[in-house]
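I have placed the structure first, in the form of structure tokens, so that the comments after it can refer back to it.
All values reported here derive from a predicted model rather than from experimental measurement. Residue numbers begin at 1 in each chain, while the letters A, B, ... track the order of the sequences.
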Amino acid sequence: MPRISTLRTSGSGSNTWWTTSFLRSFSAESVQFDPMSNGTQEEQVQDEGELVAARRAKLAWLRDELGVEPFGRHVEGLTSLADARARFDEAADVAHEASVAARKEDESAPLVDDRPSARVAGRIVQHRDCGKLVFMVLRDDTGDLQVSISKADMAPEQFKVAKKLDYGDIVVASGPVGRTRRGEICVWASELEIHCKSLAPPPGKHHGLSDPEARYRRRYVDMYANPETIRTIKARSRIVSRIRTFMEGRDYLEVETPMMQPMAGGAAARPFVTHHNALDLDLFMRIAPELYLKRLLVGGLPRVYEINRNFRNEGIDRSHNPEFTSMEVYEAFGNYETIMELTESLIHELAVAMREDLLALEPERDLGTAEEPILPYGDLRINYGRPFRRVRYHDLFEAALGFPASDIERVRAAARELGRDDIDELDDALVVNLVFEERAEPTIDPAEPTFVLDYPSAISPLTRPHRDDPSIAERVDIFIGGMEIGPAYTELNDPDIQLSKFTEQLRGVDDEESTFRSLDEEFLDALRVGMPPAGGLGLGIDRIVILLTDSASIRDVILFPLMRPVDAVDEADG
RNA sequence: GAUUCCGUAGCUCAGUUGGCAGAGCAAGCGACUUUUAAUCGCUAGGUCCUGGGUUCGAGCCCCAGCGGAAUCACCA
């Protein structure tokens with residue numbers, strides 16, 4: 001027999017008829033004892049602890065004793081909790097209170113009740129049973145609202161239900177919007193129905209769910225336990241929507257290109273491999289849409305963008321998830337200057353809108369001005385005022401190191417100071433960039449969005465060299481809050497140079513890399529057909545959202561970040 | 001992949017030198033017609049992440065594993 005011995009059926013004087021009734025219902029309905037059953041089924045039942053058993057017992061009680069079906073149906077005329085709260089009418093509430101007081105003196109006095117009413121739905125996050133009064137707090141995606149119930153105002157059966165509801169249950173309540181004596185705006189419910197009985201033990205009432213692992217694995221619990229989670233989800237959705245509106249306003253066409261590609265191109269990253277059965281063909285989850293978007297420029301679309309997922313088979317940390325969302329943009333006859341202007345305008349506009357969203361919630365916050373929004377990010381206050389800082393790669397290098405990048409002896413000396421022992425084997429350009437990343441990048445003020453432009457050509461193999469100085473590339477990277485948000489380029493459209501750069505790139509590839517790097521002949525064919533000169537941009541959408549929502553980790557802005565399955569134990573051993 | 005830290009009741013967390021497993025909230029029963037983390041009385045609730053080892057004795061010490069977080073590497 002499954003273990004339900006934690007629930008006593010005798011020996012304790014405190015048990016009443018309905019405890020035992022719960023227990024009978026529980027053992028009769030929920031636990032189907034089968035002498036032939038195997039251990040696994042029994043274990044599943046045993047997993048249900050005391051808290052679940054109590055909830056199942058209430059479920060059975062609702063059905064058997066009250067004839068209430070707690071898994072409800074379609075409901076009409078619902079108002080969000082925020083809207084219901086907004087309906088509150090002070091004068092009507094005062095008049096109602098006065099008439100109730102008058103009737104206590106004189107029973108023939110008329111009852112005045114012009115309070116607006118509302119029908120609301122939500123999940124119970126607090127429940128207080130005070131005898132003939134019950135107070136509960138409902139939560140929906142617009143906020144919290146108290147529902148107050150007086151025994152005198154409700155049918156006896158419904159009041160019984162109201163007293164026995166649990167944290168986590170979903171209910172619908174209807175009645176006038178008023179205040180309690182303590183001034184709390186609430187729905188004074190005359191009707192109350194349970195529409196979903198929550199059978200899982202809820203998270204804590206005070207601290208919510210704070211264990212990060214539990215929050216990511218059980219996001220649906222995190223969402224109702226921690227309202228900021230829904231706030232971030234909504235903010236992300238608004239940000240993406242605003243990006244689309246912005247791009248559409250500038251005549252960019254949104255397109256969708258393959259996410260499963262025969263060749264993983266467009267970036268230097270390790271791909272995931274998958275397989276098409278009917279074609280018996282290995283495919284790569286895309287690491288970038290770039291080479292397909294450029295084909296569209298070849299075909300004649302002047303301005304295209306794509307917002308979608310890339311998949312990169314690499315490490316996971318606060319700013320990296322294996323699948324992440326980026327926006328790539330290509331603009332015929334643009335260059336990295338026009339793309340910088342686009343990027344700056346877009347990010348500025350997003351910050352302006354986010355500032356307004358934040359002020360709508362908290363008008364008193366100091367968030368700069370509409371032209372120069374200042375948004376919090378951790379300990380920083382990032383100023384999104386235009387123009388963003390622009391600094392050339394070599395100038396930033398020299399300012400940080402005290403000597404120019406062309407002084408290669410001093411650069412190599414600085415690199416050795418970083419503790420690298422492979423310096424002598426590296427090309428000059430790679431050593432310069434190493435020192436740049438370690439010493440110059442950290443000097444960028446994280447509170448000031450900054451474009452770093454004119455990277456060395458030698459480390460930018462897919463970028464068009466600068467027309468005045470071929471040793472530098474028309475490439476720009478934007479940094480905000482210490483994160484690289486995305487690079488922009490003047491794209492290469494000379495097919496012969498592109499071929500030689502590809503070939504050169506493939507030469508340095510090791511055995512492991514060669515399994516997923518190959519020469520994309522179709523793309524080269526497209527370039528030979530002819531691509532207009534173009535500016536291109538890759539923008540990390542998750543990172544933009546991290547910044548604008550002041551989130552600590554990419555996992556907070558991705559609904560279901562990748563987690564190792566808990567049960568995948570020892571499978572790989574052998 | 002490396003290093004460090006973490007894993008104890010449904011949730012949030014204590015746990016002393018290795019000596020009977022603790023609290024608050026949540027849960028069950030009772031009281032309460034204006035609560036606000038309601039209050040008051042009673043009751044129940046544990047695979048101390050898993051598996052080994054040391055020890056008379058392990059939540060605590062050692063080894064291995066699993067999961068998570070941070071930092072690093074890869075990368076965006």
Whole angstrom value for the distance that separates [atom2] of [N] from [atom1] of [X]:
X: Arg56(A); N: G10(B); atom1: CZ; atom2: P; answer: 17 Å
X: Arg181(A); N: U33(B); atom1: CZ; atom2: P; answer: 12 Å
X: His127(A); N: A26(B); atom1: NE2; atom2: C1'; answer: 13 Å
X: Tyr455(A); N: A76(B); atom1: OH; atom2: P; answer: 12 Å
X: Met483(A); N: A76(B); atom1: CE; atom2: C1'; answer: 11 Å
X: Arg55(A); N: A44(B); atom1: CZ; atom2: P; answer: 22 Å
X: His207(A); N: A14(B); atom1: NE2; atom2: P; answer: 11 Å
X: Asp222(A); N: C11(B); atom1: CG; atom2: C1'; answer: 13 Å

Among the candidates [options], find the nucleotide nearest to the side-chain atoms of [X].
X: Glu50(A); options: U33(B), G45(B), C32(B); answer: G45(B)
X: Phe324(A); options: A76(B), A26(B), A27(B); answer: A76(B)
X: Lys58(A); options: G28(B), A76(B), U12(B); answer: G28(B)
X: Glu484(A); options: A76(B), U34(B), A26(B); answer: A76(B)
X: Ser210(A); options: G45(B), U36(B), C13(B); answer: C13(B)
X: Lys132(A); options: U36(B), U34(B), U33(B); answer: U33(B)

Now, which nucleotide makes the Watson-Crick or G-U wobble pair with [N], with each of the two distances under 3.5 Å?
N: U17(B); result: none
N: A31(B); result: U39(B)
N: G10(B); result: C25(B)
N: U71(B); result: A2(B)
N: A44(B); result: none
N: U50(B); result: A64(B)
N: G59(B); result: none

Heavy atoms of other groups near Arg309(A) CZ, more than 12 under 6.0 Å: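 Atom CZ in Arg309(A) is not crowded, with 12 or fewer foreign heavy atoms closer than 6.0 Å.
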
With rounding to the closest Å, how many angstrom separate the [atom1] atoms on [N] and [M]?
N: C20(B); M: C48(B); atom1: P; result: 16 Å
N: G45(B); M: A21(B); atom1: C1'; result: 12 Å
N: C61(B); M: A9(B); atom1: C1'; result: 25 Å
N: G59(B); M: G19(B); atom1: P; result: 10 Å
N: G68(B); M: G28(B); atom1: C1'; result: 34 Å
N: U39(B); M: U3(B); atom1: P; result: 48 Å
N: A69(B); M: A58(B); atom1: P; result: 33 Å
N: C29(B); M: G67(B); atom1: C1'; result: 39 Å

Look at all strands and tell whether [X] reaches a base, only sugar-phosphate, or nothing, counting heavy atoms closer than 4.0 Å.
X: Ala200(A); value: nothing
X: Gly208(A); value: sugar-phosphate
X: Asp477(A); value: nothing

Report the residue from Arg555(A), Arg215(A), Arg217(A) that forms a salt bridge (Lys or Arg N to Asp or Glu O under 4.0 Å) with Asp222(A).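 Option passing the salt bridge (Lys or Arg N to Asp or Glu O under 4.0 Å) with Asp222(A): Arg215(A).
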
Mapping Ser148(A) and Gln126(A) onto RNA chain B by nearest heavy atom, which one lands closer to the 5' end?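 The residue closer to the strand's 5' end, by nearest nucleotide, is Ser148(A).
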
Say you draw a straight line from CH2 of Trp61(A) to NZ of Lys197(A); how long is it, rounded to the nearest 0.5 Å?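 Between Trp61(A) CH2 and Lys197(A) NZ, I get 9.0 Å after rounding to 0.5 Å.
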
Out of curiosity, Asn313(A) CG to Phe311(A) CZ, how far, rounded to the nearest 0.5 Å?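 Here the interatomic distance stands at 12.0 Å.
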
5' to 3', nucleotides 68-74 of chain B under a 4.0 Å protein heavy-atom cut-off (B base, S sugar-phosphate only, - none) gives SSSS-BB

Under 3.5 Å donor-acceptor pairs involving side-chain atoms of residues 541-551 of chain A, not counting sequence neighbours:
residue: Asp542(A); atom: OD1; partner: Arg236(A); partner atom: NH1; Å: 2.9
residue: Asp542(A); atom: OD1; partner: Arg236(A); partner atom: NH2; Å: 2.9
residue: Asp542(A); atom: OD2; partner: Thr325(A); partner atom: N; Å: 2.7
residue: Arg543(A); atom: NE; partner: Ser319(A); partner atom: O; Å: 3.4
residue: Arg543(A); atom: NH1; partner: Glu484(A); partner atom: O; Å: 2.7
residue: Arg543(A); atom: NH2; partner: Ser319(A); partner atom: O; Å: 3.2
residue: Arg543(A); atom: NH2; partner: His320(A); partner atom: NE2; Å: 3.2
residue: Thr549(A); atom: OG1; partner: Val545(A); partner atom: O; Å: 2.5
residue: Thr549(A); atom: OG1; partner: Ser551(A); partner atom: OG; Å: 2.8
residue: Asp550(A); atom: OD1; partner: Gly378(A); partner atom: N; Å: 2.6

Has Tyr167(A) got its ring stacked on A26(B), by the test of a centre gap below 5.5 Å and a plane angle below 30°?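 Tyr167(A) vs A26(B): stacking no.
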
Can you tell me if [X] touches the phosphate of [N], counting only side-chain N or O atoms and a distance under 4.0 Å to OP1 or OP2?
X: Ser326(A); N: A76(B); value: no
X: Lys205(A); N: G10(B); value: no
X: Lys164(A); N: C29(B); value: yes

Going by atom types only, do [X] and [Y] share a side-chain donor-acceptor pair under 3.5 Å?
X: Tyr336(A); Y: Asp454(A); value: yes
X: Asn433(A); Y: Tyr393(A); value: yes
X: Thr257(A); Y: Arg286(A); value: yes
X: Glu491(A); Y: Thr463(A); value: no
X: Ser148(A); Y: Gln146(A); value: yes

Tell me whether the side-chain N or O atoms of Thr180(A) pair up with the base of U36(B) as donor and acceptor below 3.5 Å, since no angle test is needed here.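 Check passes, donor-acceptor contact within cut-off.
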
